[in-house]
Amino acid sequence: MIRIDSVTKRYPDGTVAVDRLSLEIPDRSITVLVGPSGCGKTTTLRMINRMVEPTEGTILLDGEDIQGQPVTTLRRSMGYVIQNAGLFQHRTIVDNIATVPRMLGWGKQRARERAAELMERVGLDTALAKRYPYQLSGGQQQRVGVARALAADPPVLLMDEPFSAVDPVVRKGLQDELLRLQDELGKTIVFVTHDIDEAIKLGTMVAVLREGGRLAQYAPPAELLSAPADGFVEDFLGADRGIRRLSFFASAELDLTTDAVVPADATAERIAAVKAPHLLVTDPDGRPLGWAERTGLTAGDIATDRLLPFGRPFVPGTDSLRVALDCAVLSPTGWAVAVDGGGRVTGVVSQQTIGEAIRAAHTESRADKAGAGVAE
Amino acid sequence: MNGFFDIPSDLQHSWAGLIGLHLRESLLPVAAGLLLALPLAQLCVRFRWLYPPVLGLTTVLYAVPSLAFFVVLIDYTGQTELTVMIPLAVYSLVVLIPAIVDGVRSVPQETLAAATAMGFGPVRRYLQVQLPIAAPAIMAGLRVATVSSISLVSVGALIGNQGALGNLLAAAQKYDRPELAVNAVVTMAVLAILCDALLVLLRVLLTPWMPRGAHRRAAAPREQLTPEGVTR
């Protein structure tokens with residue numbers, strides 16, 4: 001565990017970058033430092049590997065003061081990923097990744113083997129090993145940056161806005177990749193970003209900092225969204241925090257109905273049995289084709305070319321309530337289509353039912369918190 | 001072309017001998033200048049306030065005519081090659097110091113921060129990261145310094161036949177043989193072009209990591225990432 005204990009960074013000109021900050025960063029999880037520019041998040045990160053020395057306070061790594069060991073030893077035990085990757089443009093990809101192992105005295109062969117292994121791990125083609133950084137795309141360079149940080153298998157990974165210089169599509173890919181890697185590796189990651197969405201997506205714990213380097217709130221993302229500590233945090237989260245909070249509720253328990261789901265060759269009785277104004281028509285395998293209005297339907301031969309589009313389906317259990325609601329909002333009928341992993345319809349659900357599920361989920365999470373309060 | 005390569009005996013060298021002498025008198029000062037410029041430039045990078053006065057001083061020294069240098073130096077080093085080479089070495093600083101400083105400063109902040117964060121000490125970081133990345137800019141400076149040094153050597157003729165190929169210019173006047181002057185000018189020009197080409201080749205060999213076809217001197221300096229950047 002990294003323990004930041006009332007740390008202050010004051011520069012000679014009197015600027016206070018970090019103001020009496022205390023944080024306990026749990027092991028094997030992603031802790032995100034987020035805030036507007038000038039909130040001291042990068043300074044805080046850089047105090048952990050002593051690229052910036054605190055004016056006051058101490059930082060403990062597994063109970064030991066980080067001042068207690070030579071600074072280069074400390075840094076070599078912590079991976080560091082930076083914006084724009086900061087690759088050595090004069091070294092090949094494989095040599096970039098092998099940098100820290102080589103400094104730690106590994107043989108050339110072993111370091112290169114390790115580098116090749118890491119390239120695969122972060123999703124890079126090993127054919128790129130002999131290339132130079134300028135020959136890679138921004139996203140690929142950032143993957144090299146992550147591989148380089150992981151090369152000596154450090155327990156701690158410091159990431160300073162690593163994905164903010166790449167385009168949104170690549171960024172999403174890198175974020176998903178980081179979460180997947182973290183599942184495999186279980187590092188203690190401290191991640192700095194100014195992007196609250198990124199913080200909420202990646203963080204196990206999120207520390208929101210405000211200008212002047214003061215801690216505004218330190219909480220898991222779901223709690224941040226449901227109970228922002230003050231107006232600053234609320235503003236920083238943005239206007240749609242209610243919607244975003246739905247990402248943390250599962251869609252598994254939604255009350256699906258199959259009444260309105262009919263195959264294209266349905267009988268007149270089957271169609272007549274539908275009470276809803278719309279029917280979801282499926283192909284013989286049970287995959288959705290589209291919506292049809294109940295009035296004026298002819299049995300046995302539903303004209304599948306005149307159906308309304310069914311939009312995007314969601315997968316109950318995998319997708320969140322937010323995705324389910326989004327599907328319902330996008331659907332021309334206001335009903336979301338639920339499918340299984342193979343794309344076969346398992347039922348449909350209305351906006352109203354989703355709304356009820358949201359209210360139930362809120363009540364439940366409040367009760368949980370109250371219950372936890374009593375238990376304490 | 002009668003007597004084009006027929007060098008007067010008082011120069012004590014054949015044509016080829018003059019070429020060797022000329023190369024030695026022009027290239028040794030550049031090498032010495034580089035050895036001097038590297039630590040000076042590093043001090044200028046380390047202590048920013050030092051750069052303007054150092055730059056000013058080298059410019060003033062560059063403005064001092066070589067004749068004036070000779071007058072001072074001749075008391076110490078006599079009518080020797082060394083008297084010619086010392087001013088040339090000093091002159092090369094005016095090109096080399098800014099080239100190295102710009103090159104080292106052009107290393108992106110992220111790269112420096114990443115090196116520091118990976119546990120590079122200052123010396124290792126300078127030798128393994130900053131200097132290699134500054135190589136294209138340094139090579140560009142070396143090319144200018146080398147070519148200018150090759151042409152400046154001729155002035156050594158003023159202190160008694162220490163101007164290598166430049167001595168041919170004086171001999172052309174003395175013996176009324178204009179072809180010797182043509183010889184001197186053409187040979188110096190060819191030497192300058194060949195040396196320049198060799199330096200370009202060396203640069204290409206040293207920097208396989210540069211985008212092909214990009215004849216930029218070095219990466220443009222990027223804006224500082226954060227107010228908490230390492231240079232703070």
Side-chain angles (χ1 to χ4, degrees), chain A residues 9 11-13 15 17-18 37-38 40-52 70-92 95-96 99-100 103-104 130-135 145 148-149 151-152 154 158 160-161 164-165 192 213, chain B residues 48-49 103-139 202-232:
Chain A
K9 177 63 192 180
Y11 285 106
D13 64 2
T15 342
V18 176
S37 51
K41 51 193 190 295
T42 296
T43 307
T44 304
L45 188 80
R46 288 184 170 186
M47 285 195 286
I48 297 174
N49 72 352
R50 291 182 58 193
M51 284 169 77
V52 174
V71 67
T72 49
T73 313
L74 176 80
R75 288 176 186 161
R76 285 169 201 176
S77 73
M78 293 181 173
Y80 191 87
V81 188
I82 196 169
Q83 189 178 12
N84 290 321
L87 298 184
F88 296 148
Q89 62 199 62
H90 60 295
R91 291 191 180 169
T92 57
D95 287 340
N96 261 285
T99 303
V100 178
M103 277 200 291
L104 292 173
K130 295 284 177 201
R131 302 264 179 95
Y132 286 98
Y134 82 91
Q135 295 167 307
R148 184 173 68 173
L158 306 177
D160 187 2
E161 306 218 16
S164 53
V192 163
Chain B
R48 284 178 161 262
W49 57 267
V104 170
R105 280 190 185 164
S106 77
V107 179
Q109 283 300 324
E110 302 94 325
T111 307
L112 288 180
T116 308
M118 279 189 286
F120 281 71
V123 176
R124 190 197 284 260
R125 197 177 79 159
Y126 178 68
L127 293 178
Q128 296 187 2
V129 180
Q130 289 175 296
L131 217 47
I133 294 177
I138 297 175
M139 293 304 290
L202 185 63
R203 206 273 288 148
V204 170
L205 291 177
L206 280 178
T207 59
W209 47 270
M210 277 188 67
R212 230 169 297 151
H215 287 292
R216 45 177 203 163
R217 282 177 55 171
R222 295 203 200 166
E223 57 177 329
Q224 202 156 326
L225 265 182
T226 59
E228 301 92 345
V230 279
T231 53
R232 177 128 189 184

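Computation of the quantities below employed the complete heavy-atom set of this structure, encompassing side-chain atoms and omitting hydrogens, waters and symmetry-equivalent molecules. Each chain gets a letter, A, B and so on, in the order its sequence line appears, and its residues count up from 1.
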Quiz question: by atom type and distance under 3.5 Å, do the side chains of B/T116 and B/R125 form a donor-acceptor pair? yes

Any side-chain heavy atom of A/K41 within less than 4.5 Å of one from A/L45? no

Answer key: most heavy-atom pairs under 4.5 Å with chain B among A/R50, A/Q135, A/R91 is A/R91

In this structure, OH of A/Y134 is separated from CE of B/M210 (nearest 0.5 Å) by 9.5 Å

*Donor + acceptor pair across side chains of A/T42, A/R46 (<3.5 Å)*: no

Whatever's closer than 4.5 Å to a heavy atom in chain B on A/R148 counts as side chain

Looking only at A/S37, A/G86, A/S77, most heavy-atom pairs under 4.5 Å shared with chain B are made by A/G86

